[in-house]
Amino acid sequence: MLLGRVKGTAVCTFKAPGMDGLKLLLVQPLNKRLEPTGPLQVAADVVDAGPGDLCLMVRSREASLALPEMKFVPVDLALVGIVDELEVRPDRSFDFTLRRGWNPYT
Amino acid sequence: MILGKVVGTVVTTISHRDFKNRRLLVVQPLGLEGDAPDDDFIALDNTQAGIGDTVLVNREGGGARMVLCNPDACVISVIVGIVDSVFIE
């Protein structure tokens, strides 16, 4: 599950069966520092996100599970939440390396 | 499953019903010395983990649905444990 910024919408008249009635939004996948991490993608909207919203996205089969009633629709990216607050501590306050020997964490 | 460090929290009021009354945490995977760090991701909290905890994360939908006891949960990453220590040969 990852963050994404809604950049626009996509309108398709001819779609796979089961996908009609789905709102398709153009999203930019982001990392924890809100930097783009890949090309724009199209996501199925479940939470009525608007342009410019920071959203929570889910990929693969779980995206089709997130859709309200249609099951196993050919959708692999869905918007499942609109982020209101994002608090991320700076990297320097953590140690992400696993060293040889004993790594106590508590 | 992978080892990760909780580095942040995400607050969403409007979200899918499967995410209700559970916390969403930003997790940065741990790595050996000299390895390029993996991408960070967001996981659903199942063990009351907080920022700064080292956690065990299950990143597969099937396992997540079992942990959440919900056969239709649209969740991939779930925190399934808080790590006390790690020993590496």
Side-chain angles (χ1 to χ4, degrees), chain A residues 1-4 29-35 37-38 44-50 53-69 71-72 75 77-106, chain B residues 2-20 24-35 37-44 50-57 59-62 64-65 70-78 82-89:
Chain A
M1 298 181 306
L2 59 153
L3 294 172
L30 304 172
N31 64 13
K32 65 183 178 188
R33 286 183 287 268
L34 301 184
E35 295 149 355
T37 59
D45 178 26
V46 177
V47 284
D48 299 333
D53 283 352
L54 181 63
C55 295
L56 179 69
M57 306 195 302
V58 65
R59 285 197 198 287
S60 71
R61 175 172 177 262
E62 281 65 35
S64 64
L65 285 175
L67 300 180
E69 73 285 336
K71 283 286 180 286
F72 305 121
V75 164
L77 186 61
L79 297 181
V80 288
I82 298 178
V83 175
D84 294 317
E85 279 171 45
L86 176 69
E87 183 208 344
V88 179
R89 295 280 169 76
D91 279 356
R92 62 179 182 286
S93 45
F94 300 109
D95 173 15
F96 298 123
T97 56
L98 286 167
R99 289 178 185 73
R100 303 242 167 276
W102 203 249
N103 296 268
Y105 289 121
T106 50
Chain B
I2 66 165
L3 289 169
K5 184 85 76 176
V6 176
V7 295
T9 58
V10 176
V11 174
T12 60
T13 38
I14 302 170
S15 64
H16 193 275
R17 63 184 178 284
D18 296 344
F19 293 86
K20 282 291 178 272
L24 287 162
L25 300 171
V26 182
V27 176
Q28 171 75 44
L30 301 185
L32 289 172
E33 287 145 321
D35 282 1
D38 290 347
D39 298 337
D40 49 84
F41 57 90
I42 296 174
L44 203 62
I51 292 185
D53 287 348
T54 301
V55 291
L56 201 62
V57 186
R59 296 202 69 185
E60 193 274 329
R65 281 187 280 286
N70 173 356
D72 294 332
C74 60
V75 174
I76 293 179
S77 310
V78 177
I82 298 181
V83 177
D84 292 328
S85 63
V86 169
F87 181 77
I88 297 181
E89 290 298 323

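Counting heavy-atom pairs closer than 4.5 Å to chain B, the top residue among A:Val88, A:Val47, A:Ile82 is A:Ile82. Ranked by heavy-atom pairs under 4.5 Å with chain B, the list A:Lys32, A:Arg100, A:Arg89 is led by A:Lys32. With chain A as the partner, the residue from B:Ala43, B:Pro29, B:Gly31 showing the most heavy-atom pairs under 4.5 Å is B:Gly31. Comparing B:Asp40, B:Asp35, B:Thr13, B:Val6 by how many heavy-atom pairs each has under 4.5 Å with chain A, the most go to B:Asp40.
Nearest approach of A:Phe94 to B:Lys5, heavy atoms of both residues: CD2-CG, 3.9 Å. Heavy atoms only, all atoms of each residue included: A:Asp84 and B:Ile14 are closest at OD2-N, 4.4 Å. Shortest non-hydrogen contact noted between B:Gln28 and A:Phe96 is CG-CE2, 3.5 Å. Across all non-hydrogen atoms, the minimal contact from A:Glu62 to B:Ala73 is CG-O, 4.3 Å.
In this structure, the portions of B:Val10 lying under 4.5 Å from any heavy atom of chain A include both its backbone and its side chain. A:Asp95 touches chain B through its backbone: at least one of N, CA, C or O sits under 4.5 Å from a heavy atom, while the side chain does not. Residue A:Leu54 does not touch chain B at all, counting heavy-atom pairs closer than 4.5 Å. Of the two parts of B:Glu33, the backbone and the side chain both hold a non-hydrogen atom closer than 4.5 Å to a non-hydrogen atom of chain A. Only the side chain of A:Leu56 comes within less than 4.5 Å of a heavy atom in chain B; its backbone stays farther off. Using a 4.5 Å cut-off between heavy atoms, B:Leu25 does not touch chain A at all. At a 4.5 Å heavy-atom cutoff, B:Ile82 makes no contact with chain A through either its backbone or its side chain.
For the pair B:Arg65/A:Leu65, a side-chain contact is recorded, criterion being any heavy-atom separation below 4.5 Å from C-beta on. Under the 4.5 Å side-chain criterion, counting only non-hydrogen atoms from C-beta, A:Tyr105 is not in contact with B:Asp84. Side-chain atoms of A:Thr37 and B:Asp39, non-hydrogen and from C-beta on, never get closer than 4.5 Å to each other.
In this structure, B:Ile42 CD1 and A:Leu2 CG are separated by 7.0 Å, a value rounded to the nearest 0.5 Å. Separating the OG1 atom in A:Thr106 from the CG atom in B:Asp53 is a distance of 9.5 Å, to the nearest 0.5 Å. Rounding to the nearest 0.5 Å places CE of A:Met1 at 5.0 Å from CZ of B:Phe19. Distance check: B:Ile51 CD1 to A:Glu87 CD gives 4.0 Å after rounding to the nearest 0.5 Å. We find the OG1-CG distance between B:Thr12 and A:Leu86 to be 11.0 Å, quoted to the nearest 0.5 Å.
The backbone N or O of A:Ala66 lies less than 3.5 Å from a partner atom in the side chain of B:His16, making a donor-acceptor pair.
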